[in-house]
There are 2 protein chains.
Amino acid sequence: MDGSPPHSSLTYNGRRIISAIRTHGPQSRADLARRLDIKPSTVTRLTGPMVAEGLLTEAPDPSREGRKGYPARLLSIDPRGVCTAGVYIDPDRIMTCIADLAGDALAVEETPVPDRSFEALMTEAGASVARLMERTGIDPRRMAGCGVSYPGQYSGDPTRVARIRQFRDWPEVNVERDLSPWFGMPVRHMNDAKAACMAELYHGACRGLSNFCHVWLSYGIGGAAIVDQQPYLGRNALAAEWGGLFPKSRPRPSGQDLLDVLAAEGIVLDRLSDLRDDHLELPVVRGWEERAADQLQWLCLVIARTFAPEAIVIGGTLHPRLMDGLIQAVRAAEPLGEDYFVAPPAILKAEQDGLPQLGAAALPIHEIFNPSTYPGAVSKLR
Amino acid sequence: MDGSPPHSSLTYNGRRIISAIRTHGPQSRADLARRLDIKPSTVTRLTGPMVAEGLLTEAPDPSREGRKGYPARLLSIDPRGVCTAGVYIDPDRIMTCIADLAGDALAVEETPVPDRSFEALMTEAGASVARLMERTGIDPRRMAGCGVSYPGQYSGDPTRVARIRQFRDWPEVNVERDLSPWFGMPVRHMNDAKAACMAELYHGACRGLSNFCHVWLSYGIGGAAIVDQQPYLGRNALAAEWGGLFPKSRPRPSGQDLLDVLAAEGIVLDRLSDLRDDHLELPVVRGWEERAADQLQWLCLVIARTFAPEAIVIGGTLHPRLMDGLIQAVRAAEPLGEDYFVAPPAILKAEQDGLPQLGAAALPIHEIFNPSTYPGAVSKLR
DNA sequence: CGGATTAAATTGCATTCCAGAACAAAAGAC
DNA sequence: GTCTTTTGTTCTGGAATGCAATTTAATCCG
């Protein structure tokens, strides 16, 4: 059809339009002009090519039926207008997917990790993405890029991705130089918790929220803070790494801590996923759950009093019933401390924590559609 | 001379230029072009009117003397190019100033509060600013606006300034409608702690820093968080109100708490400023200081692990020797907890906490010179 | 039924702002 | 004295938006 991908020609206000539709749902050109404080003519001009290229779709507005005036046509994002690939790597497995703009996974794959070397992992991940592309028959021009995430904290130079404990032998990884070659498209990276947070921002419980915090419970305790619809990373990308509030030498509400507590009772599990339903009935697990709930209540209170987010979303890879129990406990702990004279932030349950590679797949979307990541020189007119 | 004030015609890149000079010091047009990734021709075109209007001044660059090429001319901000007024109101007094762009107060005034009604206070504040304008003989066209700050927390509708405890009888205050009429120029508002933080950003210890947190110790415990050179307010502007981490029913590191502790020992002081040097030697004050230092250490640890700022700046209206002691104690508490594998944030002493009205005076500067507050329609070129 | 009214969407032209390229100016280097 | 280097300027063109008039399709109402 045409040579250039449908997202490559978006102007700054073009991104704002996509962003507004994503946040506030399908709406007319006139609504967009009012919301974004730009002229209707600008909206018409910018949306024209987007509709032609299949990025947006038009539909009549039923809610305005029976009212005077020219009937409005609602603009919606066509989920299949652009797709992205997501790669999640942990010490045990590689999980990949092709996802559309609605966050639906068109295809997923899970591959065991044979060898933890950087080369072996990236070779396998690249091959997996290529297989998924083949299987779904996606037009490569519609692929906006590939997101890659893996657990671990950052350290030192923020332009480079950190080496992490589980992958000690990896080289010093630089996204552009070391990651991109394996996937044949632009590559973005964040650690597992921050990528999972992006999935909640674009496809999950926090869709369109401007300011919220994320708590990620896996083997460790991770997290992220979203400020004005972008991740706030802080110094060395250490912001919202809540684990730092719980010293490793003491009991903490992490998956590894649960495994340690179980092991001390003689129940040795290798992975979190080995935790079966009947384990949950054990007194030792009940006890851990109660203590972890207290610690999470305290954590949410601290988050509420520091970031004052609109919401706190909690997700992770612990057993679903553990997650549910912890979230219920935090919700019950209102009013989140004394001295509160306004309503506390909403406590939300993550919706996309079952598919960690979806978070990675959200990274290219952020890069391409978010106004704040618009590249190049800047001008503003008034 | 000319009819419009020198700051009113700044384009978006014009603001970026001012901002870059403020952050990185005097520099040549070529430096600015490289730093901001815009063309030298653009810098020439934009700086021309600024120099002509007296907003910028030119000087030869001694550091490039003896080197090849056309000698560079350094551009500096002329502190007197634009001035602002600042008004700080507390239950006991009204403090006002006229300040220039360097944060020098050209004139200050302190007036006792006769009557805490909104009308009386604003009448007196407006008259005071008018007297200062008269005294300094400032050209009204050079006045960018007036900042107004007073202590208290926000609640409810963030478009309106909150009613606070000390001023319970005030009406529901709306900045545009209720504050502007008294001062004859544009008015901006933040509470005392957040305004003080703006003074540190523009004139003090954190000049030009992108991300930092502020701890404000007065009768209460306030604070602010700066993200990308703008205040991050959060839900209901409650972000970084650190006092929320210390329930009022228990000992907390606030000035009011110190007065309460002293009162319990039979030493009844009415105001913080009544605390004399010899009070500091009392065992009860020593004890309070020690406990408050522990609490501040904990607070800074929490800030470091949540916001991960580049720096934490501590200021307030406590006795200077108390402030110094507390800051020293926090600095000595490195490494700010275990599990830290990168350097902790710098602990800085506020430089402008002696003149609270200067924080208010920084608000119009932020509004006028910060790229992120640029009004009107938006476009970006690439 | 048909003109008046209403609001959305479109079109052509004007304006604003920046990039690009050629050029001018001032200094040291050879 | 000419060449080289770097800063700074000028002028033109292009990209993006605003502005104002116009078209379009629906309801309202006599």
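Predicted model, so just to flag it, every value in this text is computed and none were measured. Sequence lines set the chain letters: A, B, ... in the order given, protein chains first and strands last, and positions in each chain run from 1. Reckoned from all heavy atoms, side chains included, excluding hydrogens, waters and symmetry mates.
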Expressed as a whole number of angstroms, how long is the span from B:Leu32:CG to D:dT7:P? 12 Å

Does D:dA16 have its OP1 or OP2 closer than 4.0 Å to a side-chain nitrogen or oxygen of A:Asn13? no

Compile the donor-acceptor pairs under 3.5 Å between side chains in residues 199-207 of chain A and protein atoms, sequence neighbours left out, one pair per line.
| from | atom 1 | to | atom 2 | distance (Å) |
| --- | --- | --- | --- | --- |
| A:Glu200 | OE1 | A:Ala205 | N | 3.0 |
| A:Glu200 | OE1 | A:Glu351 | N | 3.1 |
| A:Glu200 | OE2 | A:Glu351 | N | 3.2 |
| A:Glu200 | OE2 | A:Gln352 | N | 2.9 |
| A:Tyr202 | OH | A:His366 | ND1 | 2.8 |
| A:Tyr202 | OH | A:Asn370 | ND2 | 3.3 |
| A:His203 | ND1 | A:Gly103 | N | 3.4 |

Nearest whole angstrom, please: distance from the P of D:dT7 to the NZ of B:Lys39. 14 Å

Between A:Glu53 and A:Arg141, is the closest basic N to carboxylate O distance under 4.0 Å? no

Produce the list of close N/O pairs, under 3.5 Å, pairing protein atoms with atoms of nucleotides 5-8 of chain C; give distances to one decimal.
| from | atom 1 | to | atom 2 | distance (Å) |
| --- | --- | --- | --- | --- |
| C:dT6 | O2 | A:Gly69 | N | 3.0 |
| C:dA7 | N3 | A:Tyr70 | N | 3.0 |
| C:dA8 | OP1 | A:Arg34 | NH2 | 3.4 |
| C:dA8 | O4' | A:Tyr70 | O | 3.3 |

Under 4.0 Å: is that the gap between some side-chain N or O of B:Arg67 and OP1 or OP2 of C:dA27? no

Restricting to pairs with a member in residues 15-40 of chain B, which pass ring pair (Phe, Tyr, Trp, His ring centres under 6.0 Å), not counting sequence neighbours? none

Using the test side chain to side chain contact (heavy atoms under 4.5 Å, CB included), find all partners of B:Ala102 that sit at least two apart in sequence or belong to another chain. B:Pro79, B:Asp100, B:Asp104

I'd like to check the side chain to side chain contact (heavy atoms under 4.5 Å, CB included) partners of B:Pro26; sequence neighbours left out, ordered by chain and number. B:Leu74, B:Ser76

Whole angstrom is fine here: how far is it from CD in B:Glu58 over to C1' in D:dT9? 12 Å

Between A:Glu65 and A:Ser41, which residue's closest nucleotide on DNA chain D lies nearer the 5′ terminus? A:Ser41

Under 4.0 Å between any heavy atoms, over every strand shown, what does B:Gly48 touch: base, sugar-phosphate, or nothing? Just pick one. nothing

Is any side-chain N or O of B:Thr42 closer than 4.0 Å to OP1 or OP2 of C:dA19? yes

Can you check the B:Ile38 CD1 to D:dT7 C1' distance for me, whole Å? 15 Å

B:Ile368 meets the side chain to side chain contact (heavy atoms under 4.5 Å, CB included) criterion, sequence neighbours left out, with B:His7, B:Ala144

Protein-nucleotide distance (B:Arg45, atom CZ; D:dC11, atom P), rounded to Å: 13 Å

